Chemist: 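So that we are looking at the same thing, I have put the structure below in structure tokens.
Remember, predicted model here, so these are calculated numbers, not experimental data.
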Amino acid sequence: MAFVVASGNQYFQFRTFFLRNYKNITFLSENGANILIGDQHFCNAELPKNIVMHTLNTLDKLDPINLIVCGKKSAYILEDATVEQISNAKFYYPRIRPVRSWNELFNEDDTFFKFALSFDPSEITEKLTILQTTLKGSLIHISSGHGNIDLIIPGVNKYTRLKLLGKKWHISDSEIATFGDSGNDLEMLKHTKYSFAMGNAQEQIKKLQIQLSALIILRHCLTLLNQLSIVIIK
């Protein structure tokens with residue numbers, strides 16, 4: 001059986017959660033944009049630098065509350081961010097480097113694949129609409145929980161990357177159990193046979209009508225453990 005942890009967060013955060021047994025776990029970090037099997041690189045997505053630049057120029061006009069550019073080697077934040085913003089960012093992205101301007105990114109030997117940001121709740125609908133129009137499908141937005149938004153590469157999500165692992169391990173969707181609560185879990189919950197929504201799930205996840213109590217989930221898990229090939233947890 002394979003145990004997979006999937007999140008919008010950074011691989012280096014995962015390592016802090018699984019200090020002793022990380023080599024036995026597969027990590028779908030950054031919503032699947034960066035995959036490691038234990039500490040061995042499996043694959044990663046990559047944004048062309050012109051898309052990175054265009055997105056940064058667009059976001060500069062929209063004035064997000066916080067903005068993090070996510071790369072394979074590190075995440076990046078502007079050094080003039082507040083102490084609170086940098087502290088919050090370090091929780092999800094332990095390996096993060098402040099930069100004086102976003103132009104410094106293009107001097108970095110790194111691969112970029114995601115943007116993490118947030119807007120004032122009163123402006124979020126309007127600004128996401130502008131983003132969708134301006135970015136023209138080069139990136140799409142999803143909820144990553146806690147009021148945060150990720151801009152990700154279309155087609156690079158937890159489910160499509162799970163499919164890559166399934167192909168490597170010769171495992172089908174019918175042999176996989178998934179657990180989730182946020183918009184970035186939607187695709188994998190919809191497409192795997194055994195899907196479980198957590199009690200604190202967002203409304204769009206609850207609408208899948210797969211929400212179960214903790215007791216029922218436990219009973220299902222105990223029954224299914226001998227049948228499953230992959231268990232993936234958000």
Chemist: For Ile65, is there any backbone N or O sitting under 3.5 Å from a side-chain donor or acceptor partner on Ser118?
Modeler: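 Here the side-chain-to-backbone pair does not exist.
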
Chemist: Please lay out, stage by stage, how Phe17 and Val5 fare under the test side chain to side chain contact (heavy atoms under 4.5 Å, CB included).
Modeler: CA-CA 11 Å; Phe17 296 155; Val5 178; over 6 Å; no

Chemist: Is any side-chain heavy atom of Val99 closer than 4.5 Å to a side-chain heavy atom of Leu78?
Modeler: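 Side chain of Val99 against side chain of Leu78, heavy atoms only: contact under 4.5 Å found.
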
Chemist: Taking atom CD1 of Ile152 and atom CD1 of Ile140, what is their separation to the nearest 0.5 Å?
Modeler: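 Reported value, rounded in 0.5 Å steps: 4.5 Å.
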
Chemist: Judged by modelled atom types alone, do Thr178 and Thr192 share a side-chain donor-acceptor pair under 3.5 Å?
Modeler: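 Distance-only check passes for Thr178 and Thr192.
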
Chemist: Please report the interatomic distance CG(Asp150) to CD1(Ile142), rounded to the nearest 0.5 Å.
Modeler: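 Rounded to the nearest 0.5 Å, the CG-CD1 separation comes out at 5.5 Å.
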
Chemist: Just how far is it from atom OH of Tyr93 to atom CG of Asn88, taken to the nearest 0.5 Å?
Modeler: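 The CG atom of Asn88 is 12.0 Å from OH of Tyr93, to the nearest 0.5 Å.
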
Chemist: With a 4.5 Å cut-off on side-chain heavy atoms, are Lys23 and Asp39 touching?
Modeler: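 Answer yes - side chains close enough.
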
Chemist: Hey, what do you get for CG (Asn157) to CG (Asn184), rounding to the nearest 0.5 Å?
Modeler: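 Answer rounded to 0.5 Å: 9.5 Å.
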
Chemist: Taking side chain as C-beta onward, heavy atoms only, is Leu117 less than 4.5 Å from Asn66?
Modeler: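 A side-chain contact is absent here, since even the closest heavy-atom pair is not under 4.5 Å.
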
Chemist: What residues form a side chain to side chain contact (heavy atoms under 4.5 Å, CB included) with Ala45, not counting sequence neighbours?
Modeler: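 Partners of Ala45 under the side chain to side chain contact (heavy atoms under 4.5 Å, CB included) test: Ala33, Phe113, Ile153, Val156, Arg161.
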
Chemist: Only counting residues at least two apart or in another chain, list the ones meeting side-chain hydrogen bond (donor to acceptor under 3.5 Å, both in side chains) with Asp110.
Modeler: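 Here the qualifying residues are Tyr76.
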
Chemist: Tell me the salt bridge (charged side-chain N to carboxylate O under 4.0 Å, His left out) pairs involving residues 42-58, sequence neighbours left out?
Modeler: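 As it turns out, there is no salt bridge (charged side-chain N to carboxylate O under 4.0 Å, His left out) pair with a partner in residues 42-58 once direct neighbours are skipped.
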
Chemist: Could you tell me whether a side-chain N or O of Ser29 sits under 3.5 Å from a main-chain N or O of Asn34, the two making a donor and an acceptor?
Modeler: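 Here the side-chain-to-backbone pair exists.
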
Chemist: When rounded to the nearest 0.5 angstrom, what is the spacing between CD1 in Ile51 and OG in Ser138?
Modeler: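 Result: 4.5 Å between the selected atoms.
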
Chemist: Quick check against the 3.5 Å criterion: does Thr26 have a side-chain atom that pairs as donor or acceptor with the backbone of Ile37?
Modeler: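 Checking the backbone N and O of Ile37 against the side chain of Thr26, no donor-acceptor pair under 3.5 Å is found.
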
Chemist: Using the side chain to side chain contact (heavy atoms under 4.5 Å, CB included) rule, take Asn57 and Trp102 through it: C-alpha gap first, then chi angles, then the decisive distance, then the call.
Modeler: CA-CA 10 Å; Asn57 289 337; Trp102 293 124; over 6 Å; no

Chemist: Can you confirm whether Thr55 sits close enough to Leu139 that some side-chain heavy atom of one is under 4.5 Å from a side-chain heavy atom of the other?
Modeler: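 Result yes, sub-4.5 Å side-chain heavy-atom pair found.
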
Chemist: Parallel, tilted or perpendicular: which describes the rings of Phe3 and Phe18, with under 30° parallel and over 60° perpendicular?
Modeler: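 Plane angle over 60°, so perpendicular.
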
Chemist: Nearest 0.5 Å, please: how far is CG in Leu62 from CD1 in Ile130?
Modeler: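 Taking CD1 in Ile130 and CG in Leu62, the distance rounds to 5.5 Å.
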
Chemist: Donor-acceptor pair, Gln40 side chain versus Leu36 backbone, under 3.5 Å?
Modeler: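 Such a contact is absent between Gln40 side chain and Leu36 backbone.
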
Chemist: Give every residue pair that meets the side chain to side chain donor-acceptor pair (under 3.5 Å) criterion with at least one member in residues 119-132, sequence neighbours excluded.
Modeler: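 Applying side chain to side chain donor-acceptor pair (under 3.5 Å) to every pair that reaches into residues 119-132, excluding sequence neighbours, yields Asp120-Ser122, Glu123-Lys127.
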
Chemist: Are any non-hydrogen side-chain atoms of Leu189 and Phe196 less than 4.5 angstrom apart?
Modeler: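 No - every pair of side-chain heavy atoms lies 4.5 Å or more apart.
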
Chemist: Would you mind listing every salt bridge (charged side-chain N to carboxylate O under 4.0 Å, His left out) that reaches into residues 74-84, with sequence neighbours excluded?
Modeler: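 Those involving residues 74-84 do not exist here.
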
Chemist: Apply side chain to side chain contact (heavy atoms under 4.5 Å, CB included) to the pair Leu105 and Val69, showing each step before the final yes or no.
Modeler: CA-CA 9 Å; Leu105 293 181; Val69 179; 3.9 Å; yes

Chemist: Is there a side chain to side chain contact (heavy atoms under 4.5 Å, CB included) between Asn31 and Lys114? Walk through the geometry before answering.
Modeler: CA-CA 9 Å; Asn31 291 318; Lys114 195 190 79 177; 4.1 Å; yes

Chemist: Sequence neighbours left out, what passes side-chain hydrogen bond (donor to acceptor under 3.5 Å, both in side chains) with Asp173? Give chain and number order.
Modeler: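 Asp173: side-chain hydrogen bond (donor to acceptor under 3.5 Å, both in side chains) contacts with Tyr159.
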
Chemist: Could I get the full list of side chain to side chain contact (heavy atoms under 4.5 Å, CB included) partners for Leu128, not counting sequence neighbours?
Modeler: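 Applying side chain to side chain contact (heavy atoms under 4.5 Å, CB included) to Leu128 gives Phe119, Ile124, Leu131, His141, Ile149.
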
Chemist: Keeping to residues at least two apart or across chains, list the ring pair (Phe, Tyr, Trp, His ring centres under 6.0 Å) pairs with something in residues 36-72.
Modeler: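 Sorted result for residues 36-72: empty, none.
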
Chemist: Any idea which heavy atoms bring Phe14 and Ala6 closest together, and the distance?
Modeler: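 Nearest heavy atoms, Phe14 then Ala6: CZ-C, 4.3 Å.
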
Chemist: Can you confirm whether Ile68 sits close enough to Tyr92 that some side-chain heavy atom of one is under 4.5 Å from a side-chain heavy atom of the other?
Modeler: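 Contact flag for Ile68/Tyr92 side chains = no.
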
Chemist: Is the shortest side-chain heavy-atom distance between Asp185 and Phe179 below 4.5 Å?
Modeler: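 The answer is no, as the side chains (C-beta and beyond) never meet within the 4.5 Å cut-off.
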
Chemist: My understanding is that only residues two or more places apart in sequence, or in another chain, count here; which of them pass side-chain hydrogen bond (donor to acceptor under 3.5 Å, both in side chains) with Ser172?
Modeler: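 Result, side-chain hydrogen bond (donor to acceptor under 3.5 Å, both in side chains) vs Ser172: Ser174, Glu175.
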
Chemist: Any side-chain heavy-atom pair from Ile176 and Leu162 closer than 4.5 angstrom?
Modeler: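 The answer is yes; the side chains approach within 4.5 Å.
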
Chemist: Can you list everything that forms a side-chain hydrogen bond (donor to acceptor under 3.5 Å, both in side chains) with Lys73? Sequence neighbours excluded, please.
Modeler: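 Result, side-chain hydrogen bond (donor to acceptor under 3.5 Å, both in side chains) vs Lys73: Asp109.
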
Chemist: Sorted by first residue and then second, give each side chain to side chain donor-acceptor pair (under 3.5 Å) pair with at least one member in residues 9-20; sequence neighbours left out.
Modeler: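 Side chain to side chain donor-acceptor pair (under 3.5 Å) check on residues 9-20 returns Ser7-Asn9, Asn9-Gln13, Tyr11-Arg15, Arg15-Tyr22.
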
Chemist: With sequence neighbours excluded, what pairs up with Asp60 under the salt bridge (Lys or Arg N to Asp or Glu O under 4.0 Å) test?
Modeler: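 Salt bridge (Lys or Arg N to Asp or Glu O under 4.0 Å) list for Asp60, sorted by chain: empty.
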
